[in-house]
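In each ligand, atom 1 is the first atom listed, and ligand 1 is the first ligand listed. Values reported hereafter were calculated over all heavy atoms of this structure, with side chains retained and with hydrogens, waters and symmetry mates removed.
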Amino acid sequence: MGDRPTGSKLVQPALYRILDANLDRAREGLRIVEEWCRFGLNSAPLTDECKQMRQELARWHAPELRAARDTPGDPGTELTHPQEEQRSSIEQVLQVNLCRVEEALRVLEEYGKIYTPEMGMACKQMRYRVYTLESSLLVPQRQQLLERSHLYLVTSPTENLFATVEAALQGGLSLVQYRDKTADDNVRFSNAKKLRQICQDYNALFIVNDRVDLALAVDADGVHLGQQDMAIATARQLLGPHRLIGRSTTNPDEMRQAIQEGADYIGVGPVYETPTKAGKAAAGLEYVRYAKEHATVPWFVIGGVDTNNIHDVLAAGAERVAVVRAIMQADQPTLITQYFISQLHRIQTIRAYEERIAKPHV
Ligand SMILES: Cc1ncc(COP(=O)(O)OP(=O)(O)O)c(N)n1
Ligand SMILES: Cc1nc(C(=O)O)sc1CCOP(=O)(O)O
Ligand SMILES: [Mg+2]
């Protein structure tokens, strides 16, 4: 590779070892992601993208770099973090490994510039390709599941918390919010952790009410924030780009602002007064009709919704509802969940049909 501006004889072996270690790290991470693209997603384009990047990295891995390796003398091989030993989901495996690839590429970009400018440039371009790969793999999963979810269970404290949530999941529920306004933090943490696991077992989204710190601590899919809770922009900074943020809204101004600030979904309510949120005046069906015309993100009607009034709510334009008591206090949560889902599905089918009649050529 000719003369390099490496300064001294001491610098070159270190530089080569850095490049050698990070080329390995990036390729290993890509291999792990590739396996999921291939066997989990059956995606030829994503598998191919990982493979191409691995091969490009292999071309940069020159014999002189490999020759500089000194595993017994490397103090870094002994250092592990307890979190490296735990993985709770495929998503986490992907997240951790994509992050590892991005970090390794950043190192290769900086140190590679000393080795040869072309290496620095190639690693920079590859890092942007990894960001794109990350978006394809991680963002849509949550967004798509949110799009597909029309019933939202918001929990209330009860002795049967886990059994009730699991019964609802068995009925087809795919979106759960842990809401407990009074428990101690250690109880909230252990409940949220257990619910997170149950939701994962059913491939359902798990959202934490109010608390961004708790959402992060249990690796939740997102957080629900009311008007008095943390600002969306601050939550987004803490949660990163991929987790969901929901916002409660009670009137058109709050809706406009929530959407403008980047809420992934909104609560629309309370449509009826409810003892679950005593003292909050009903926004009524008029606000549901407004949401039908103006909401541009998924919106869930909340507040007093039950099996008796769901048809009025749907008739006002809703296609998604969030409930607490209707499921948490049901004798048969699975059956009630199935009933809600069937009615929500029915209305979507009717609306899709009506739309086709109204615009036959679209
Ligand atoms: C889906 C959904 N919509 C609205 C709320 C209410 O949030 P907030 O106004 O912050 O009130 P609390 O739930 O925190 O008492 C919600 N939790 N979920
Ligand atoms: C938690 C919550 N938020 C509301 C809002 O309008 O922002 S209404 C509500 C409680 C909904 O409970 P139930 O289904 O038992 O009436
Ligand atoms: Mg709140």
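Residue Ile302 places a heavy atom less than 4.0 Å from ligand 2. Within the structure, the closest approach of Ala326 to ligand 2 does not fall below 4.0 Å when heavy atoms are considered. In this structure, Gln329 falls outside the shell of residues with a heavy atom less than 4.0 angstrom from ligand 2. The shortest separation from a heavy atom of Lys280 to ligand 2 is under 4.0 Å, placing the residue in contact.
A donor-acceptor contact under 3.5 angstrom links the side chains of Thr116 and Glu118, judged on distance only. There is a side-chain donor-acceptor pair under 3.5 Å between Gln200 and Arg196. Judged by distance alone, the side chains of Gln257 and Asp253 never bring a donor and an acceptor atom under 3.5 Å apart.
Between Ala322 and ligand 1, not a single N/O pair is under 3.5 Å apart. Note: no N/O pair closer than 3.5 Å links Gln227 and ligand 1 by distance alone. Residue contacts with ligand 1: Tyr265 is placed with no nitrogen or oxygen under 3.5 Å of a nitrogen or oxygen of the ligand (distance criterion only). For ligand 2, the polar-atom distance check against Ala322 finds no nitrogen or oxygen pair separated by under 3.5 Å.
For atom 6 (O) of ligand 2, the closest non-hydrogen atom of the protein is Pro270 N, 2.9 Å. In terms of protein heavy-atom proximity, atom 1 (C) of ligand 2 is closest to Arg179 NE, 3.4 Å. Protein heavy atom at the shortest distance from atom 15 (O) of ligand 2 is Thr276 OG1, 2.6 Å. The protein heavy atom nearest to atom 14 (O) of ligand 2 is Val324 N, 2.9 Å. When hydrogens are left out, the protein atom nearest atom 3 (N) of ligand 2 is Lys277 CD, 3.5 Å; that is the closest non-hydrogen contact.
Looking only at its N/O/S atoms, Asp210 has OD1 as the one nearest to the Mg ion (ligand 3). Within Asp229, the N, O or S atom lying nearest to the Mg ion (ligand 3) carries the name OD2.
Summarising the contacts of atom 4 (C) of ligand 1 with Gly246, Ser248, Pro270, Gly267, the nearest heavy atom is found in Ser248.
Of all the heavy atoms of Gln228, none lies under 4.0 Å from any atom of ligand 1, so neither backbone nor side chain is involved. Contacts between Tyr152 and ligand 1 below 4.0 angstrom, taking non-hydrogen atoms only, involve the side chain exclusively. In Thr274, the part holding a heavy atom less than 4.0 Å from any atom of ligand 2 is the side chain.
Per-residue contacts place Gly269 under 4.0 angstrom from the following atoms of ligand 2 (heavy atoms of the residue considered): 6 (O). The Val323 neighbourhood of ligand 2 comprises atoms 14 (O), with distances under 4.0 Å to a heavy atom of that residue.
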